[in-house]
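All chains are named by letter (A, B, ...) in the order of the sequence lines, taking the proteins before the strands, and each is independently numbered beginning at 1. Computation of the quantities below employed the complete heavy-atom set of this structure, encompassing side-chain atoms and omitting hydrogens, waters and symmetry-equivalent molecules.
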Amino acid sequence: MKVFPRLKKFKALQENTFAKKVGQRPGYLYVPENAHGPRMFLLSFNEEVFEQKEYSDYNELLQYFRANPQLQHWIDIRGYRDITLLEKILADFQIHPLQMEDVISDYQRPKMDTEGKNLFFISRMITFLPDHCLDDDQISIFVGANYIITFQSDYEDCLDVLRTRIKAGRGVVRKSPVHYIAYAIMDVTIDNYFPVLAQVGDYLEELEDTLFGQPNKKLLNEILNMKREMLKVRRIAWSERDKLNEILRSDNNTIPDDIKIYFKDVYDHIVQVLDIVDNYRELMGNLTELYLSNVSNRMNEIMKVLTIISSIFIPLSFVAGVYGMNFSRENPDGTINYLNMPELYHPYGYIILLAIMLLILLGQLYFFYRKGWLRSF
Amino acid sequence: MKVFPRLKKFKALQENTFAKKVGQRPGYLYVPENAHGPRMFLLSFNEEVFEQKEYSDYNELLQYFRANPQLQHWIDIRGYRDITLLEKILADFQIHPLQMEDVISDYQRPKMDTEGKNLFFISRMITFLPDHCLDDDQISIFVGANYIITFQSDYEDCLDVLRTRIKAGRGVVRKSPVHYIAYAIMDVTIDNYFPVLAQVGDYLEELEDTLFGQPNKKLLNEILNMKREMLKVRRIAWSERDKLNEILRSDNNTIPDDIKIYFKDVYDHIVQVLDIVDNYRELMGNLTELYLSNVSNRMNEIMKVLTIISSIFIPLSFVAGVYGMNFSRENPDGTINYLNMPELYHPYGYIILLAIMLLILLGQLYFFYRKGWLRSF
Amino acid sequence: MKVFPRLKKFKALQENTFAKKVGQRPGYLYVPENAHGPRMFLLSFNEEVFEQKEYSDYNELLQYFRANPQLQHWIDIRGYRDITLLEKILADFQIHPLQMEDVISDYQRPKMDTEGKNLFFISRMITFLPDHCLDDDQISIFVGANYIITFQSDYEDCLDVLRTRIKAGRGVVRKSPVHYIAYAIMDVTIDNYFPVLAQVGDYLEELEDTLFGQPNKKLLNEILNMKREMLKVRRIAWSERDKLNEILRSDNNTIPDDIKIYFKDVYDHIVQVLDIVDNYRELMGNLTELYLSNVSNRMNEIMKVLTIISSIFIPLSFVAGVYGMNFSRENPDGTINYLNMPELYHPYGYIILLAIMLLILLGQLYFFYRKGWLRSF
Amino acid sequence: MKVFPRLKKFKALQENTFAKKVGQRPGYLYVPENAHGPRMFLLSFNEEVFEQKEYSDYNELLQYFRANPQLQHWIDIRGYRDITLLEKILADFQIHPLQMEDVISDYQRPKMDTEGKNLFFISRMITFLPDHCLDDDQISIFVGANYIITFQSDYEDCLDVLRTRIKAGRGVVRKSPVHYIAYAIMDVTIDNYFPVLAQVGDYLEELEDTLFGQPNKKLLNEILNMKREMLKVRRIAWSERDKLNEILRSDNNTIPDDIKIYFKDVYDHIVQVLDIVDNYRELMGNLTELYLSNVSNRMNEIMKVLTIISSIFIPLSFVAGVYGMNFSRENPDGTINYLNMPELYHPYGYIILLAIMLLILLGQLYFFYRKGWLRSF
Amino acid sequence: MKVFPRLKKFKALQENTFAKKVGQRPGYLYVPENAHGPRMFLLSFNEEVFEQKEYSDYNELLQYFRANPQLQHWIDIRGYRDITLLEKILADFQIHPLQMEDVISDYQRPKMDTEGKNLFFISRMITFLPDHCLDDDQISIFVGANYIITFQSDYEDCLDVLRTRIKAGRGVVRKSPVHYIAYAIMDVTIDNYFPVLAQVGDYLEELEDTLFGQPNKKLLNEILNMKREMLKVRRIAWSERDKLNEILRSDNNTIPDDIKIYFKDVYDHIVQVLDIVDNYRELMGNLTELYLSNVSNRMNEIMKVLTIISSIFIPLSFVAGVYGMNFSRENPDGTINYLNMPELYHPYGYIILLAIMLLILLGQLYFFYRKGWLRSF
């Protein structure tokens with residue numbers, strides 16, 4: 001009889017990616033079997049122009065990119081199945097093989113890497129799945145002179161609002177260097193934590209409802225599970241914070257100073273994410289303690305019922321038992337033995353006994369009432 | 001049957017403000033629907049002059065401000081509903097849009113920002129609500145050459161004592177640069193933590209009374225709730241401390257050295273706040289442990305009652321049961337069977353049995369007395 | 001029915017001093033109503049001279065002080081009720097108003113302040129009160145060119161040993177700069193922690209005796225209370241340690257190097273205080289765990305008694321109950337029904353039944369013995 | 001009756017190696033009795049050449065090594081029993097005696113040592129043993145001008161993939177300085193953590209299955225054991241991280257900059273190891289809490305069964321007991337006593353009583369149903 | 001009835017030494033009453049010479065020391081009772097009075113002190129006492145130009161292996177500066193932790209045996225006690241680590257660089273000590289949790305026995321009780337009342353009832369079997 005839901009599978013990560021790569025040379029690109037085929041998008045724009053197109057042929061994309069050095073380009077690759085394509089991009093944009101390995105491994109902490117020709121960032125997006133788990137996907141960002149390349153393993157992402165904003169062209173988005181796009185991607189990614197945390201909040205309210213309503217054995221498991229998920233978010237957010245710190249402390253050549261002020265804003269947001277996550281973790285700690293105290297309280301209540309009923313009826317049963325004894329009224333010589341259970345032969349014996357039993361009952365009830373045990377039923 | 005009070009709604013913050021802004025351009029001013037309409041106050045003063053007025057027209061206020069460069073001005077805006085007004089102020093006083101976004105978002109940790117033309121501070125005021133929750137409101141402070149601008153979302157605040165002090169003009173308040181006003185605002189804000197913590201202290205005494213009097217199931221929840229609230233205060237106070245540290249370490253141009261000595265005093269106060277908060281948290285941890293041990297102790301008591309009564313009467317009932325058995329006194333041949341329950345036919349059988357039962361009872365009572373189980377009733 | 005002692009009143013501190021000062025100008029001297037009236041002492045000495053006198057008139061004291069610049073002076077003020085006096089001292093010795101505020105507020109962490117003309121130190125003395133609480137009093141020390149001023153709120157202190165030592169004049173105490181007196185005061189203050197901690201140790205042994213003897217419900221509360229008191233001492237000692245660190249790292253002008261080596265000794269002592277406090281806290285944590293496991297063990301014992309007695313007599317009662325049934329020996333036709341309870345009519349029925357009951361009893365006792373449940377009675 | 005598996009023997013480490021060496025001079029080489037006899041391998045290669053051979057004579061190996069200075073050499077020693085051999089190597093390659101002592105002691109944290117002529121690294125490999133313990137072996141690496149020497153205590157290791165890679169000669173492995181081989185060894189060692197952690201993950205799933213299926217008393221022990229093993233891995237991984245940090249911060253002469261970028265990759269991997277280990281530890285914490293709450297829940301269930309059955313039948317037994325009493329129907333004068341238990345003589349007495357008992361039963365069942373106690377059976 | 005062993009006396013330390021010295025001048029030498037009388041040893045040696053002698057007259061020792069400046073001397077004082085002697089040494093070797101105070105106080109954390117003419121080190125040796133407590137003794141080391149002075153309070157120590165090594169003269173021990181002897185003393189002291197920890201390991205195995213065999217109430221206390229002892233070792237080892245760190249970071253004049261490499265080895269050893277101690281603490285934490293879960297499990301078992309027996313026999317008793325009722329078979333008019341308990345008059349009534357009781361019994365046993373409650377007996 002399975003009463004607990006299973007804890008979330010927790011070893012998937014390292015099995016898929018790492019366990020199969022032991023001993024391979026660095027920069028070896030291993031693509032898991034269930035990877036998506038690649039889709040390529042190109043957004044090209046400057047203050048006047050805006051173009052957005054999906055390419056099925058990489059060379060075509062490259063050709064357009066090279067023909068328009070006056071534009072800023074956002075090359076947007078989703079799905080990693082085609083190793084050849086990745087190696088071409090690696091060569092054309094002078095990406096370090098180890099960085100490309102990071103892109104594919106899809107399990108990197110958020111980080112910043114200034115090694116090589118491009119600036120390289122890793123961000124993570126989180127999603128709240130219907131089974132109350134949190135999924136996190138990696139978005140890898142390369143920033144070059146007039147281009148930005150992003151890699152994601154899935155086709156869906158949370159960046160459409162940004163694409164729309166670039167298209168609309170309000171604000172400074174089309175007037176700034178490409179670093180601004182990198183900023184905007186990280187900003188959207190982190191802003192996206194808030195609705196996810198709001199969903200987690202809803203779920204916690206549900207758990208709370210259950211706890212205060214009809215708590216069941218699965219509840220503790222669900223609380224602990226979510227606490228563990230929050231730990232994961234905390235770890236990611238902490239790395240994001242470190243990354244942003246590094247960005248803020250980097251020199252003017254790496255990130256222009258007028259862009260950095262925006263990153264400071266993102267930094268404030270991630271700190272707020274950490275605040276909320278810590279608040280949730282404290283809350284889940286409280287829920288755990290309430291659950292456990294709940295179990296104790298219910299035990300208390302069960303024991304009170306048992307104790308009250310036993311304490312009342314066991315003595316009464318004893319009294320009844322006494323008068324069920326068969327001590328002989330007659331002596332062997334046939335005379336009446338007035339010592340053996342004379343109560344039984346008293347005209348009001350039964351009435352008096354019932355009255356005594358009632359007194360015992362009332363006495364006990366008063367005792368339990370005074371101890372406050374009758375209250376919470 | 002709801003026996004627990006609901007945990008405080010904990011997701012309000014991020015839902016209102018953040019969840020709706022995902023993907024917006026930085027500096028986008030989003031005002032929550034339930035924001036108050038703005039009220040504008042101006043305090044203008046120097047050593048001789050003091051004027052205080054509420055303006056309904058911003059231009060009038062600005063005109064007066066510009067016409068009196070010899071005075072120090074405290075522009076005091078309460079309520080954010082009018083975006084147009086905020087954008088005018090932003091332009092007139094060269095406030096960075098990201099800073100204005102921080103003002104409105106109303107969920108920023110205390111911080112100091114030297115970016116841009118103004119010095120920008122965020123402080124948080126706490127209030128103890130009747131439902132035993134702590135509310136915290138943001139006060140945003142911009143310090144310029146001869147003016148200080150404060151923003152708050154509510155009309156009420158704790159700064160009236162300061163306004164009265166400026167009006168009275170005792171001490172250095174009207175002789176110092178505007179940084180002194182900034183100091184005074186933060187000082188009052190943090191001094192205001194003490195009466196709030198005193199209220200929390202009263203409430204903790206109430207909880208303690210309940211724990212030692214008639215503890216109920218809701219108590220643990222209330223303790224844990226307040227512990228969580230204190231965690232919030234701790235987080236805010238910690239950020240205040242960081243902010244004050246940053247102020248104390250800043251150079252002479254940012255904050256004049258003769259003002260800094262006052263900030264050192266504020267710093268000492270926030271450290272005392274942290275001391276008190278940590279003391280409360282330890283205390284609430286103790287209350288939690290006492291509550292749980294209380295539950296165990298009551299269980300112990302319940303079990304003792306059950307055990308004493310059962311242990312006394314179950315054996316006695318057995319004895320009574322034995323003499324309720326119907327073993328036949330007669331052999332099939334009609335002769336008397338002296339082996340079957342001869343006790344029943346003994347002239348003093350009943351008396352002796354009652355005496356034996358009394359002995360059993362006293363023996364058990366002595367056993368329980370020696371174990372100390374009869375004491376605490 | 002109050003069974004627990006009340007937790008110590010914990011909000012006194014901030015109520016008295018802080019809650020009433022919100023919004024006052026910095027340096028405002030607020031004296032709590034229950035403050036003592038001031039007493040003034042002056043110790044004046046150099047290698048040859050030693051004079052000690054209580055003054056009732058401050059001007060007289062000041063006059064003597066000014067007339068004897070060749071002597072070192074220890075001005076020793078106890079009790080704060082006279083604000084005018086404090087303001088005179090403040091003016092005469094160029095004490096910063098904020099520092100005087102710290103003196104009076106009487107709730108400052110130990111610290112060092114080099115601001116202004118005097119060196120300013122705050123130390124805290126601890127006392128073990130008869131109700132097992134720790135009281136801590138502040139001693140404020142100003143060090144000038146040839147004088148040292150100390151402020152205390154109470155008339156009693158732990159510095160008489162030092163005064164006697166100065167009078168005796170052994171060692172370097174009358175040959176060194178006044179910093180040495182400051183050192184000596186802090187040294188005595190911290191050395192005084194050791195007898196207090198020894199008293200706490202005695203009290204912990206008492207608690208331990210109670211735990212291993214007749215634990216009662218109040219015990220846990222008392223343990224937790226003392227743990228909280230130790231947390232307070234820990235916090236104070238930690239600040240003392242920081243202060244001493246700051247002294248040791250200060251330059252030669254602030255504290256002469258040949259005095260610093262003495263402070264290093266004080267530093268070692270405060271580290272030992274921290275060691276002992278941590279040891280006590282670990283011990284009290286152990287006592288708490290033992291108390292809780294004790295409660296569980298007693299529950300176990302109670303349950304064992306209940307289980308053994310119930311398990312033995314309930315089946316026996318059942319057997320007795322069976323033979324108390326009234327199944328008819330006679331068939332309706334008057335013939336004997338040999339199927340209905342023939343045992344009752346067996347000549348040795350009763351004897352055999354008693355034997356069977358005895359066997360059941362012994363079987364159960366053996367079972368409980370084998371499980372080890374009969375041991376610990 | 002042993003129900004718990006024994007905790008893993010935990011003192012083996014210091015007993016074998018340390019306890020026997022107290023007071024020996026530094027650099028004294030103590031080899032434990034159960035050490036393997038040495039096996040010597042030599043891999044020599046450059047871009048064109050590759051040779052791999054096991055030597056039984058050290059001098060032969062040395063001769064080949066000295067005769068081929070144009071090649072890079074990997075001298076691979078497994079087993080420490082031959083002290084003389086170790087001392088020869090020590091002399092020939094100018095290894096510091098203390099370093100050789102570290103090699104043999106076989107219980108060193110991962111570290112980097114730049115003392116002396118060679119670069120000296122210690123790494124640790126982990127293995128998951130069938131009895132669910134983790135074993136960790138040391139690999140010691142000396143890097144010289146054109147050689148690398150590795151020492152291991154066992155014959156088996158996880159470096160065969162690397163040897164194959166060198167033989168295959170793909171990538172930069174045969175074109176780089178010997179530091180690259182050092183990097184590759186550490187990389188393989190750390191990559192090898194992932195399959196081991198995957199095995200741990202499988203085991204944790206098993207434990208989880210047991211917890212949600214048929215938890216037994218040994219389970220908690222097994223969880224706590226594995227938690228302790230993970231603590232060990234955490235400690236090792238943390239030292240690996242420190243070592244890699246030191247490598248990354250070392251100057252260009254110690255480790256060439258173009259090799260360092262590879263170490264950065266290893267660094268990322270060890271951080272991922274730490275993430276997984278922390279995740280496992282959190283999970284095992286959760287399993288522990290679930291186990292304990294499980295025990296409480298089962299207690300609750302046991303008590304519910306007891307309470308329901310007792311509460312129903314004890315009162316019913318009392319009622320039956322009452323009507324088993326023998327109050328006399330006859331007065332002494334032979335008249336009928338209508339007061340003594342008239343129910344027994346009522347024509348429908350028995351039927352009515354059975355009905356009343358049924359009502360009591362139903363009433364109680366309804367009470368328990370309403371409390372939700374009948375649900376989870 | 002004392003069932004728990006007493007917690008170890010924990011206040012001895014500060015009582016003996018500190019409480020009696022409050023207010024004394026710094027450098028005041030207080031010797032506890034139970035101190036040993038001093039014994040003086042001198043080891044003098046260089047590469048050729050080795051002499052070892054116990055002196056009863058200090059002046060003789062000093063004379064020999066002064067007469068042989070070409071030798072290295074180890075002056076080895078054990079026992080502090082003779083204050084005059086200590087003051088002579090203090091004067092002759094220019095030891096600072098505060099340092100001598102540290103020597104005698106015998107409760108100093110390991111530290112390094114470069115103040116004054118000598119290098120001053122404090123180390124602590126630990127011993128495992130038969131009552132399962134750890135004792136720690138102080139060894140104080142002064143290092144001068146060609147001499148080293150050590151002070152210990154007891155006559156026994158763990159340095160004889162070192163004295164033997166010097167006598168044997170193997171290795172560099174007689175060729176190095178006296179710092180090497182200081183190193184060797186600290187090395188032996190710390191190497192001596194390993195056999196002590198091995199003894200602790202044996203004791204922990206014993207505790208573990210008890211836990212899995214016949215756990216008793218004292219066990220938890222013993223585990224917690226040892227945990228506290230390990231905390232003490234941890235604190236000492238941590239200070240040793242700090243001291244060694246300071247030594248390693250000191251300049252070449254303080255400690256020659258070629259000696260420092262040996263200290264690095266000691267540093268590695270103390271880190272291993274910390275590893276083992278942390279491992280033990282984790283293990284003792286596990287034992288605590290196992291103990292507590294053990295208590296719960298035994299409670300569960302007790303309750304199961306009670307519940308099974310009660311649940312089986314209480315209903316059966318009820319049934320028996322029903323048929324013990326005395327409902328009248330006769331109507332008042334003498335006719336047979338076929339409604340009152342006709343079962344009693346059925347020819348097979350008794351047999352059928354016994355069969356029903358058997359069915360109830362089997363049904364319940366099946367229920368308990370299905371719940372798995374019958375298993376673990």
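Of the two parts of E/R298, the backbone and the side chain both hold a non-hydrogen atom closer than 4.5 Å to a non-hydrogen atom of chain C. In this structure, no portion of E/F318 lies under 4.5 Å from any heavy atom of chain C. Neither the backbone nor the side chain of C/Y193 comes within less than 4.5 Å of any heavy atom in chain E. In this structure, the portion of E/L292 lying under 4.5 Å from any heavy atom of chain C is its side chain and not its backbone. Residue E/I312: no heavy atom, backbone or side chain, is found under 4.5 Å from chain C. Of the two parts of C/Y323, only the side chain, counted from C-beta on, holds a non-hydrogen atom closer than 4.5 Å to a non-hydrogen atom of chain E. C/N340 touches chain E through backbone and side chain together, each having a heavy atom under 4.5 Å away. Interface remark: C/D160 contributes no atoms to any contact with chain E (heavy atom separation under 4.5 Å). Only the side chain of C/N337 comes within less than 4.5 Å of a heavy atom in chain E; its backbone stays farther off. Interface remark: C/F313 contributes no atoms to any contact with chain E (heavy atom separation under 4.5 Å). At a 4.5 Å heavy-atom cutoff, the contact between E/T288 and chain C is made by side-chain atoms alone. Both the backbone and the side chain of C/N326 come within contact range of chain E, with heavy atoms under 4.5 Å apart. Proximity to chain C (any heavy atom under 4.5 Å) is shown, for E/M341, by neither the backbone nor the side chain. Proximity to chain C (any heavy atom under 4.5 Å) is restricted, for E/L231, to the side chain, taken from C-beta onward. Neither the backbone nor the side chain of C/Q199 comes within contact range of chain E; no heavy atoms are under 4.5 Å apart. With a threshold of 4.5 angstrom between heavy atoms, E/H346 approaches chain C through N, CA, C or O but not through any side-chain atom.
When atom types are taken as modelled, the side chain of E/K243 and the backbone of E/I122 share a donor-acceptor pair closer than 3.5 angstrom. A donor-acceptor pair under 3.5 Å is formed between the side chain of C/Q364 and the backbone N or O of C/S311. Between the side chain of C/R174 and the backbone N or O of C/K167 there is at least one donor-acceptor pair closer than 3.5 Å. Of the possible polar contacts, none joining the C/N331 side chain to the C/D333 backbone as a donor-acceptor pair under 3.5 Å is found. Side chain of E/Q138 to main chain of E/D102: a donor-acceptor pair is present (N/O by atom type, distance under 3.5 Å, no hydrogens or angles).
Chain E forms more heavy-atom pairs under 4.5 Å with one residue of C/V273, C/L306, C/V266, C/I261 than with any other, namely C/I261. Contacts with chain E were tallied for C/Y183, C/Y262, C/Y338, C/F327; C/F327 has the most, counting heavy-atom pairs under 4.5 Å. Taking C/D275, C/L339, C/D268, C/T189 one by one and counting their heavy-atom pairs under 4.5 Å with chain E, the maximum is reached by C/D275.
Between E/E240 and E/S123 the shortest heavy-atom distance is OE2-CA, 3.6 Å. Residues C/P177 and C/P256 approach most closely at CG-CG, 4.4 Å, considering heavy atoms. Here the shortest heavy-atom pairing between C/F45 and C/V173 reads CE1-O, 4.1 Å.
Cation-pi check for E/R235 over E/W238 is not met; the charged atom does not lie both under 6.0 angstrom from the ring centroid and within 45 degrees of its normal.
A donor-acceptor pair shorter than 3.5 Å cannot be found between the side chains of C/E289 and E/Y291.
Residues E/V319 and E/P315 have side chains not in contact (no heavy-atom distance under 4.5 Å, counting atoms from C-beta outward).
To the nearest 0.5 angstrom, C/M186 atom CE is 15.0 Å from C/H269 atom NE2.
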